[in-house]
There are 2 protein chains.
Amino acid sequence: MLKEETVSHNHNCEECPIRHRAVCARCETDELERLEEIKYYRSFEAGQTVIWSGDKMDFVGSVVSGIATLTQTMEDGRTQMVGLLLPSDFVGRPGREGSAYDVVATTDLVMCCFRKKPFEQMMERTPHIAQRLLEMTLDELDAAREWMLVLGRKTAREKIASLLSIIARRDASLNLRPTQGALVFDLPLTREAMADYLGLTLETVSRQISALKRDGVIHLEGKRHVTVPDFTRLMEEAGDDADGGMLA
Amino acid sequence: MLKEETVSHNHNCEECPIRHRAVCARCETDELERLEEIKYYRSFEAGQTVIWSGDKMDFVGSVVSGIATLTQTMEDGRTQMVGLLLPSDFVGRPGREGSAYDVVATTDLVMCCFRKKPFEQMMERTPHIAQRLLEMTLDELDAAREWMLVLGRKTAREKIASLLSIIARRDASLNLRPTQGALVFDLPLTREAMADYLGLTLETVSRQISALKRDGVIHLEGKRHVTVPDFTRLMEEAGDDADGGMLA
DNA sequence: TCGCGCGCTTGATCTGGGTCAAGGATGACC
DNA sequence: GGTCATCCTTGACCCAGATCAAGCGCGCGA
């Protein structure tokens, strides 16, 4: 099967693409040097599982490139995605042995990993890291709570529109593309993964995407390439205040 | 209308009932003394709003006694509860001006508050506070993600059972009541509040509670007083692994 | 003691999204 | 170029939970 590969040649932190957004964002040069000593890269192919729920995790790390998902599964197979990990997002929890979720690479994925023990020790000595991690965790908590509203109270159509607007927004902020005019991006998820994120079935996802296309809210090229001619319209379809800060 | 009251006589941190679970759990005596200088108590009556979403928050704090809820509301009135605040839980976010949610007291409530600015400054100088806050935030994130599974994938009956088991568990851990045998507790929420937590209507909540009663999973005295004769049975009804750690 | 309101229950009916089922498109590999 | 698998779409039907509606019971204020 697909074999995971540990990349040996260390990249330089200073020119890391996620340098300014990851856990290490606030670190000084000397702190970076110490981090560099305990870091290593790992690559995963699309579809590979990074960690299984319950497995012992001996590392924490950041997504450098690619996309991963955090999912929870019930005994009977029902699954719910509980997080979408984009570049700069943090994986793992200091101070906990096992992973609470399945982490799966949905695209080819590169992660910058730190061995957990040394990282935890560094955290104690390096407030910049703990501060940044707290800030990131609070942001994730906000995102999770926003998602609770989506899951609990929105219609299927609103759910799809919400997901599209989140992906569009994240994509735009990552690529620093100007927001005016049409937004264009690729869906990083299959219909099934979207369904798992939204608490729907893949059939409903497909139908609602078709409906949004029919109504001119989005435009599709192939199955994955999306154009949003009017972002405000999409926000309305999502049931959000149309003012919601475009610049995260 | 109900008037909020600022309690002036400061209680002593050392003998505070939430001393060992709140943000200050890790603080040394001297750190507590400094906290004590910037702290004050506020009381709210059942039904009062502590903060409105969007309002400027000039404090953060801990729930000392009573219960509050965190809710989000859409323009058309649909509302979703995104958090249940029990004694020792933290309210507010360092490093952010406004509140993202409505915070409402559902029972009479006492909070231990800190002015935000001084608290933020103390956090920088007192790693014990930041560490504890990170730990608590990570726990809340786990809870939010567990709730995403409930909202996205569980049936109405499973949702009710999940809520009951959470309340039972929290109640048991708070009151250090032994878990063996029947669990007994009072529901701190109206049917409507439960519906808002679970992404259901209050009618469905009522019907499912009646059904669980009819099936002997729970026993009701009045509308709020619940007896759970067999906790394992309740966990099964919730769709959870029956092993899920009883001792949080 | 009465009456009123709030929180709750229960019934009847409707409907959004799930389920089951049948293909269609695309791309990898032989 | 054909086969196969994966991902996606669309249709027909069904059901869990929403919606609409009526009424109960308890606590509180007059």
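The shown structure was predicted, so the numbers you read here are calculated from the model rather than taken from an experiment. All chains are named by letter (A, B, ...) in the order of the sequence lines, taking the proteins before the strands, and each is independently numbered beginning at 1.
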- line: Correct closest heavy-atom pair for A/Ser65 and A/Pro87 would be CA-CG, 4.1 Å
- request: Strictly below 4.0 Å, heavy-atom distances to any atom of DNA chain D: list the hits from residues 147-166 of chain B, or just say none.
  value: B/Thr155, B/Ala156
- prompt: Can you tell if the side chain of A/Phe185 reaches within under 4.5 Å of the side chain of A/Val228, non-hydrogen atoms only?
  reply: yes
- request: List in chain and number order the residues that pass side-chain hydrogen bond (donor to acceptor under 3.5 Å, both in side chains) with A/Thr227, two or more places apart in sequence or in another chain; answer none if no residue qualifies.
  value: none
query: What's the spacing between A/Ile160 CD1 and A/Ile209 CD1 if we round to 0.5 Å?
result: 5.0 Å
query: Considering only heavy atoms, which members of residues 190-201 of chain B lie under 4.0 Å from some atom of DNA chain D?
result: B/Gly199, B/Leu200, B/Thr201
message: With rounding to the nearest 0.5 angstrom, report the CD to CG distance, B/Glu146 to B/Leu149.
response: 7.5 Å
statement: Closest heavy-atom pair, B/Trp52 versus B/Ser99, reported as atoms and distance to 0.1 Å, is O-CB, 4.0 Å
- line: Footprint ends on DNA chain C, 5' to 3', for atoms under 4.0 angstrom from a heavy atom of chain B, come out as C/dC8 to C/dA12
query: Expressed in angstrom and rounded to an integer, what is the separation of A/Ile209 atom CD1 from D/dC7 atom P?
result: 15 Å
task: Taking all non-hydrogen atoms of both residues into account, name the closest pair between A/Val63 and A/Leu86 and its distance.
output: CB-O, 3.6 Å
- line: When B/Leu151, B/Val150, B/Leu70 are each screened for side chain to side chain contact (heavy atoms under 4.5 Å, CB included) with A/Met148, the one that passes is B/Leu151
message: I need the minimum non-hydrogen distance between B/Ala68 and B/Val103, along with the two atoms involved.
response: CB-CG1, 4.3 Å
- line: Taken in chain and number order and not counting sequence neighbours, the residues that satisfy side-chain hydrogen bond (donor to acceptor under 3.5 Å, both in side chains) with B/Ser62 are none
field: Listed once per pair and sorted, the salt bridge (charged side-chain N to carboxylate O under 4.0 Å, His left out) pairs that draw on residues 212-233 of chain A, sequence neighbours left out
entry: A/Arg157-A/Asp215, A/Arg233-A/Glu237
- prompt: Please give, in whole Å, the distance from D/dA16 P to A/Arg78 CZ?
  reply: 13 Å
task: Give the angle between the helix axes at the two ends of the helix from C/dT1-D/dA30 to C/dC30-D/dG1, taking five base pairs at each end and rounding to 10°.
output: 30°
- line: Residues pairing under side chain to side chain donor-acceptor pair (under 3.5 Å) where one sits in residues 184-198 of chain B, two or more places apart or in two chains, turn out to be A/Arg153-B/Asp196, B/Thr79-B/Asp196, B/Asp186-B/His225
Write down the protein N/O and nucleotide N/O pairs, taken from nucleotides 20-29 of chain D, whose separation is under 3.5 Å; answer none if there are no such pairs.
unit_1, atom_1, unit_2, atom_2, d
D/dC20, N4, B/Glu203, OE2, 3.3

task: Kindly write out the residues that satisfy side-chain hydrogen bond (donor to acceptor under 3.5 Å, both in side chains) with A/Glu158, not counting sequence neighbours, or none if the list is empty.
output: A/Thr155, B/Arg78
- line: Contacts of A/Asp89 meeting side-chain hydrogen bond (donor to acceptor under 3.5 Å, both in side chains) (sequence neighbours excluded), chain-then-number -> A/Arg170
query: Is the distance from OP1 or OP2 of D/dG17 to the nearest side-chain N or O of B/Thr204 less than 4.0 Å?
result: no
- request: Would you please name every residue forming a side-chain contact (heavy atoms from CB on, under 4.5 Å) with A/Asp108, sequence neighbours left out?
  value: A/Glu45, A/Ala46
